Amino acid sequence: MDQEILNALILPLLFSLAVGVYGFVRMPEKRGPLLLNLMLLQLVGVYGLHLEHSTTLFGLLSVHCAAVFVMLVRHLQTPEPLPQQHS
């Protein structure tokens, strides 16, 4: 069953990481919801790791966690743009 959990989670985690980085760079106005979705998908991965322990899945989740953490810190350090007033 160890390999089944890894097979079920490897593609969604890699896809979410690729789309997350793309969305983070291309759509700065949607970074908050994007990061929330990445964290929720990571929780699914952690639940899979809890069901079946695997060093490969742990490594993949570690990379995913590090990338989400870096994006979250960059998002929190970026100042909010002021709303523009139209005259």
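By convention here, the first residue in the shown sequence is residue 1. Only a predicted model underlies this, so the values are computations on that prediction, with no experimental measurement involved.
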Pairing residues for L61 by the side-chain contact (heavy atoms from CB on, under 4.5 Å) criterion, not counting sequence neighbours
L13, Q42, V46, L49, L57
Interatomic distance, CG@L60 vs SG@C65, rounded to 0.5 Å, equals 11.5 Å
Using side-chain contact (heavy atoms from CB on, under 4.5 Å) as the criterion, list what pairs up with L17, not counting sequence neighbours.
V63, H64, A67
Are V68 and L41 grouped together when hydrophobic residues (ILVMFWY) are joined by side-chain heavy atoms under 4.5 angstrom apart?
no
Measuring from atom CG of L9 to atom CG of L14, what distance do you get when rounded to the nearest 0.5 angstrom?
10.5 Å
Through direct or indirect side-chain contacts below 4.5 angstrom among Ile, Leu, Val, Met, Phe, Trp and Tyr, which residues connect to F15?
V19
Measuring from R74:CZ to M71:CE, what's the distance to the nearest 0.5 Å?
11.0 Å
Taking only distance into account, with no hydrogens and no angle test, what donor-acceptor pairs under 3.5 Å do side-chain atoms of residues 21-40 form with protein atoms, sequence neighbours excluded?
| unit_1 | atom_1 | unit_2 | atom_2 | d |
| --- | --- | --- | --- | --- |
| R31 | NE | F24 | O | 2.9 |
| R31 | NH2 | F24 | O | 3.1 |
| N37 | ND2 | P33 | O | 3.3 |

